[in-house]
Amino acid sequence: MTRVKFVAGNWKMNTNKAQAVELAKAVVAGAKAISGVQIGCAVPFVYVDAVGQVLNDTNVMLGAQDAYFEKNGAFTGEISVEMLKDLGAKFCLTGHSERRHVIKETPELVGKKADAIYSAGLTLVHCVGEKLEERDANKTLAVVEAQMKELQPAKLTDPSRLVIAYEPVWAIGTGRTATDAQAQEVHAFIRDLMGKMWNADFASKVRIQYGGSMKPDNAKGLMSQKDIDGGLIGGAALKADSFLKIVEAGK
Ligand code: 13P
């Protein structure tokens, strides 16, 4: 089973509007020459529209970092999946560790958001990963399994629109990357688990990204692992040249 690698930038709460547009233009310019890898940028809500206009009709997919699960109504401050679709978004994250641990989203809320994003027709990038104390207590696989079970196999039927991002929390923004073997071990576990939650064929088609201090110099090693099908890139995605080098490493 050959899975097309998917490398996506997660810009988090960074850039102003002009910087977002400039970064998007530079990514588009560099991405033109790249084929065989799917490329995306998950941008701050307020710049989805402006960046979307730059990414329109290019090989760089527009994404968002979060979405609320209700379609519309009295949910002050929230953004629906429909609104993101209206602006051209093609994928959306759920369960990012910063939303779980800084914003304090519950597993129940993450699950509802995942369902809403997939059901609306977008590609869902569901993030999972353990904290350092959980790894030290040998709880990595149990934590990841619980986060995977926020998903509803009966509803998620198209493997091409499901992406799992394994992001060990201790590797995010710390410069400390999981070794190739540490990452591969958890990716293999996730694929095996999906085989049980869905079936082996479905599991073989879902891309599993690695995230956590992925940089141009460690991207190739990570993405050469059997079950690592791309990356979700934070810091290194804020500069087009380092992001594009990581994309190249996915070829
Ligand atoms: P860094 O690449 O900055 O470690 O961030 C990873 C991440 O959280 C992507 O979602």
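Only heavy atoms go into these numbers, but all of them, side chains included; no hydrogens, no water, no symmetry mates. In listed order, ligands and their atoms are each counted from 1. Note that the structure is a prediction, hence the values are computed from the model and not measured.
Considering only non-hydrogen protein atoms, atom 2 (O) of ligand 1 sits nearest to Gly234 N, 2.9 Å.
On a distance-only criterion, Leu232 and ligand 1 share no N/O pair closer than 3.5 Å. Between Lys215 and ligand 1, not a single N/O pair is under 3.5 Å apart. Any N or O atom pair closer than 3.5 Å counts here, and Ala236 shares no such pair with ligand 1. The shortest N/O to N/O separation between Lys12 and ligand 1 falls below 3.5 Å.
Salt bridge absent: Lys245 and Glu248 never bring a charged side-chain N and a carboxylate O closer than 4.0 Å. The residues Arg100 and Glu167 are annotated as not salt-bridged, no charged nitrogen and carboxylate oxygen being separated by less than 4.0 angstrom.
Within the structure, ring pair (Phe, Tyr, Trp, His ring centres under 6.0 Å) contacts touching residues 140-179 (residues at least two apart or in different chains) are Tyr166-His187.
Every atom of ligand 1 is numbered from 1 in the order shown, and the set under 4.0 Å from a heavy atom of Ala171 is 4 (O). Interface of Gly235 with ligand 1, defined as ligand atoms under 4.0 Å from a residue heavy atom, comprises 1 (P), 2 (O), 3 (O).
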If you look only at distance, which donor and acceptor atoms sit under 3.5 Å apart when one is on a side chain in residues 138-146 and the other is two or more places apart or in another chain?
{"unit_1": "Glu145", "atom_1": "OE2", "unit_2": "Lys149", "atom_2": "NZ", "d": "2.9"}

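Between Phe75 and Tyr68, the ring-plane angle classifies as tilted under the 30° and 60° cut-offs.
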